[in-house]
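Chain letters run A, B, ... following the sequence lines, proteins first, then strands; residues in each count from 1. Below, each value reflects all heavy atoms present in this structure, side chains not excepted, and no hydrogens, waters or symmetry copies. Model, not experiment: these values are computed from the prediction.
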Amino acid sequence: MTVAARFEADITPTGTDYDTVRRVIERLSRDYREQPTLETIAADLGRSPSEVQKTFTRWAGLSPKAFLQAVTLDNAKHLLGTEGLPLLDASLELGYSGPGRLHDLFVTHEAMSPGVWKARGEGLTIAYGYHPSPFGTALMMATDRGLAGIAFCDGDEEESAFEDMARRWPKAAYVRDDAKTAPYASRVFDPGRWRADEPLRVVMIGSDFQIRVWEALLDIPMGRAKTYSGIAGEIGSPKAARAVGAAVGRNPLSFVVPCHRAIGASGALTGYHWGLTRKRAMLGWETGRLGAG
DNA sequence: AGCAACAAATATC
DNA sequence: GATATTTGTTGCT
């Protein structure tokens, strides 16, 4: 099944793949100490083990068990010894050695002038639309210069997600235009279409400090993570870990600018604007893509 | 004032 | 001893 086709099947708000997957991840994250069996999890969801197993594997590209290993490593402090904490060693090797090395979305970004930031988006026209994604419904926002924002929501949260985004540039004019944002959605969530010859244009609207942080995030390869303090050191303010955290949290382009790859120094996942479960989901999903690539 | 942090110190098993 | 929990400090919005 192609990725696009899977999105089609995903379009109903409840009972989506992501919905099932999310609940499995929640369960695994909470009870990983007990290493719950597939059978128990399925029983609690009121589904058969094979149903859960299939849905999960189709979505993540790896079994619930492998996923469990990938995300519970946020408690494996010993992996933090080296820079750039590999999420799953074997997969990482695969990701780098293949001819079509799975790097990120090749992103060309430009920073909006501080003027636009200070004017809170005044004079800017932003088209937006809602699209299904592996992590729930994605709200995409674009200016004519490129992609400017991505938000996530489940079910009936579309309004609040929009308001969350619109608050960032309160004076911009917003126009609903799904046709304009749809191409971005299909590009962003389909790793098969992440190519250097067709870079994704994004615009970053934020303060100097924020943009430096977001650029640092773009440097983190898929399936890896960095600590907040590591990022702070990299952008030349080694003591600003906490400020980095705040800036990461304000990242308007979630997923494209991989804010989910920033974790605490202990390996704990700390926070995520669109929900910790979604952060785990993204990390696990990426681990799965690496293994498949 | 308020944070998606951190390191060191202290309490708990 | 190894892990939880608390406390002081921190830089940027």
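The line from OH of Tyr174(A) to OG1 of Thr125(A) is 10.5 Å long, rounded to the nearest 0.5 Å. The structure places OG1 of Thr108(A) at 11.5 Å from CD of Glu198(A), a figure rounded to the nearest 0.5 Å.
OP1 or OP2 of dT13(C) has at least one side-chain nitrogen or oxygen of Ser207(A) nearer than 4.0 Å.
Side chain of Lys226(A) to main chain of Ile220(A): no donor-acceptor pair is present (N/O by atom type, distance under 3.5 Å, no hydrogens or angles). Put simply, the side chain of Trp59(A) gets close to the backbone of Pro134(A): a donor and an acceptor are under 3.5 Å apart. In this structure a side-chain-to-backbone donor-acceptor pair under 3.5 Å is missing from Arg278(A) to Tyr272(A).
For the pair Arg168(A) CZ and dT13(C) P, the computed distance is 15 Å after rounding to whole Å. Taking atom CH2 of Trp214(A) as the reference point, atom C1' of dT13(C) lies 12 Å away to the nearest angstrom. Ile211(A) places its CD1 atom 16 Å from the P atom of dC12(C), with the value rounded to the nearest Å.
Within a 6.0 Å radius of CZ in Arg145(A), no more than 12 heavy atoms belonging to other residues, nucleotides or ligands are found.
In DNA chain C, consecutive stretches of 3 or more Watson-Crick or G-U wobble pairs with both distances under 3.5 Å are given as paired ranges: B:1-3 with C:11-13, B:5-13 with C:1-9.
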Q. Could you write nucleotides 1-8 of chain B as a row of B, S and -, 5' to 3', where a protein heavy atom under 4.0 Å of any base atom gives B, of only sugar-phosphate atoms gives S, and otherwise -?
A. --BBBSS-
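Comment: Asp208(A) does not engage Arg212(A) in a salt bridge, judged by the lack of any side-chain N to carboxylate O separation of less than 4.0 angstrom.
Between Phe135(A) and Phe255(A), the angle of the ring planes lies from 30° to 60°, which puts this pair in the tilted group.
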